[in-house]
Amino acid sequence: MGCCTGRCTLILLCTLQLIAALERQVFDFLGYQWAPILANFLHIIIIILGLFGTLQYRPKYVIAYAIWAAVWVTWNVFIMCFYLEVGDLSKESDLLTFHVSQHQSWWSEHGPGCIRKEAPIAGMVGLESHSYVSVVGCAIEYQYIEVMHSAMQILLALLGFVYACYVTSVFTEEEDSCRRK
């Protein structure tokens, strides 16, 4: 059997999603963003499930992937609203760290062009003797980097949803034609 266009496209989209999710997972780990870490982990599992379903002609797995793609879009819209401070949301809150720590996005201190200025705190000895004072010179503010990550995730998830629905319909048609014979 040859590889049909929709199926190969879904495999490519799942692969791109997997790469993007792994990249995002790394930076969320660096920033101790626990809620996104858990969401990304679940996302990676579902992408692998979708890939398996596409490769093995398992429509139920592809349907689960399609449903998750809709949920993933919703999560990323929330992340965009969080960093753009829509409504009562504040990017300065520790909501994404489950109120465990005061960490923020890794990009807030390490974005493109950012220069961290640290000053020692009097009376503190050891590794905790530094407290960063400010971050200057950033080419792009960190919240826009996070929004761009989420926008890319939304784009890939929407395309994945469309192709998952298409592939599921093709799988279903193939099953129906086999039953008629």
Side-chain angles (χ1 to χ4, degrees), residues 1-87 89 91 95-98 105-107 111-112 140-181:
M1 269 190 201
C3 182
C4 70
T5 307
R7 190 167 157 255
C8 287
T9 305
L10 183 57
I11 291 169
L12 175 67
L13 283 170
C14 285
T15 304
L16 289 174
Q17 268 190 314
L18 194 57
I19 292 167
L22 289 170
E23 178 265 339
R24 191 176 191 182
Q25 184 78 320
V26 167
F27 289 111
D28 286 340
F29 262 117
L30 290 172
Y32 300 101
Q33 301 287 307
W34 300 114
I37 287 169
L38 291 174
N40 289 333
F41 180 71
L42 188 58
H43 183 55
I44 290 166
I45 291 171
I46 299 295
I47 291 170
I48 293 169
L49 187 72
L51 267 170
F52 178 76
T54 305
L55 291 169
Q56 297 293 319
Y57 295 94
R58 308 270 175 127
K60 289 181 183 178
Y61 293 164
V62 178
I63 290 169
Y65 167 78
I67 292 168
W68 175 255
V71 172
W72 191 243
V73 167
T74 305
W75 168 256
N76 281 285
V77 168
F78 165 75
I79 294 294
M80 290 175 84
C81 291
F82 179 82
Y83 281 108
L84 294 175
E85 296 185 328
V86 174
L89 295 172
K91 65 183 178 232
L95 179 67
L96 296 182
T97 62
F98 293 138
S105 170
W106 182 83
W107 295 105
I140 301 172
E141 292 185 40
Y142 77 94
Q143 64 266 24
Y144 300 122
I145 295 172
E146 293 288 355
V147 167
M148 286 189 288
H149 272 113
S150 289
M152 176 61 78
Q153 294 286 335
I154 289 171
L155 176 66
L156 290 172
L158 288 174
L159 289 172
F161 177 82
V162 169
Y163 276 97
C165 292
Y166 172 72
V167 166
T168 302
S169 70
V170 169
F171 287 171
T172 307
E173 287 175 12
E174 287 177 2
E175 285 178 3
D176 288 345
S177 66
C178 288
R179 288 181 189 153
R180 288 185 205 143
K181 291 180 180 180

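Throughout, numbering of the chain's residues begins at 1 and tracks the sequence. The structure displayed is predicted, hence computed values, not measured ones.
Among the candidates L84, L89, L96, T74, the single residue satisfying the side chain to side chain contact (heavy atoms under 4.5 Å, CB included) test with I79 is L96.
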Review point. When you look at V26 and L22, which way does the side chain to side chain contact (heavy atoms under 4.5 Å, CB included) test go after all the steps?
Key: CA-CA 6 Å; V26 167; L22 289 170; 5.8 Å; no
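When all heavy atoms are compared, the tightest approach of Y83 to S105 is OH-CB, 3.7 Å. Closest approach of R24 to N76, counting heavy atoms only: NH1-OD1, 2.5 Å. Heavy-atom minimum distance, A157 versus V73: CB-CG2, 3.7 Å. Of all the heavy atoms in A164 and V62, the pair that sits closest is O-CG1, 3.5 Å. Heavy-atom minimum distance, A20 versus L156: CB-CD1, 4.0 Å. Residues A21 and Q153 come closest through the heavy atom pair N-NE2, 3.8 Å.
Taking the side chain as every heavy atom from C-beta outward, F161 and Y166 never approach each other to under 4.5 Å. Within the 4.5 Å cutoff, the side chain of E85 has no heavy atoms near those of the Q143 side chain.
Here side chain to side chain donor-acceptor pair (under 3.5 Å) pairs that include residues 154-163, with residues two or more places apart or in two chains, number zero.
The CZ atom of R58 sits 13.5 Å away from the CD1 atom of I63 when rounded to the nearest 0.5 Å. Put simply, CG on L13 and SG on C8 are 11.5 Å apart, with the number rounded to the nearest 0.5 Å. The CD atom of E146 sits 7.0 Å away from atom CD of Q33, with the distance rounded to the nearest 0.5 Å. Here the CG-CG distance, from L51 to L18, works out to 6.5 Å after rounding to the nearest 0.5 Å.
A tilted orientation is assigned to the rings of F171 and Y57, their planes being inclined by 30° to 60°.
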Show me the donor-acceptor pairs within less than 3.5 Å that the side chains of residues 35-50 make with the rest of the protein, sequence neighbours left out.
{"unit_1": "N40", "atom_1": "ND2", "unit_2": "Q25", "atom_2": "OE1", "d": "3.3"}
{"unit_1": "N40", "atom_1": "ND2", "unit_2": "D28", "atom_2": "OD2", "d": "2.7"}
{"unit_1": "N40", "atom_1": "ND2", "unit_2": "P36", "atom_2": "O", "d": "3.1"}
{"unit_1": "H43", "atom_1": "ND1", "unit_2": "W68", "atom_2": "NE1", "d": "2.8"}
{"unit_1": "H43", "atom_1": "NE2", "unit_2": "W72", "atom_2": "NE1", "d": "3.4"}

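Judged by distance alone, with hydrogens and angles left aside, the side-chain atoms of R7 form a donor-acceptor pair with the main-chain N or O of T54 at under 3.5 Å.
Within a 6.0 Å radius of OH in Y61, other residues, nucleotides and ligands contribute 12 heavy atoms or fewer.
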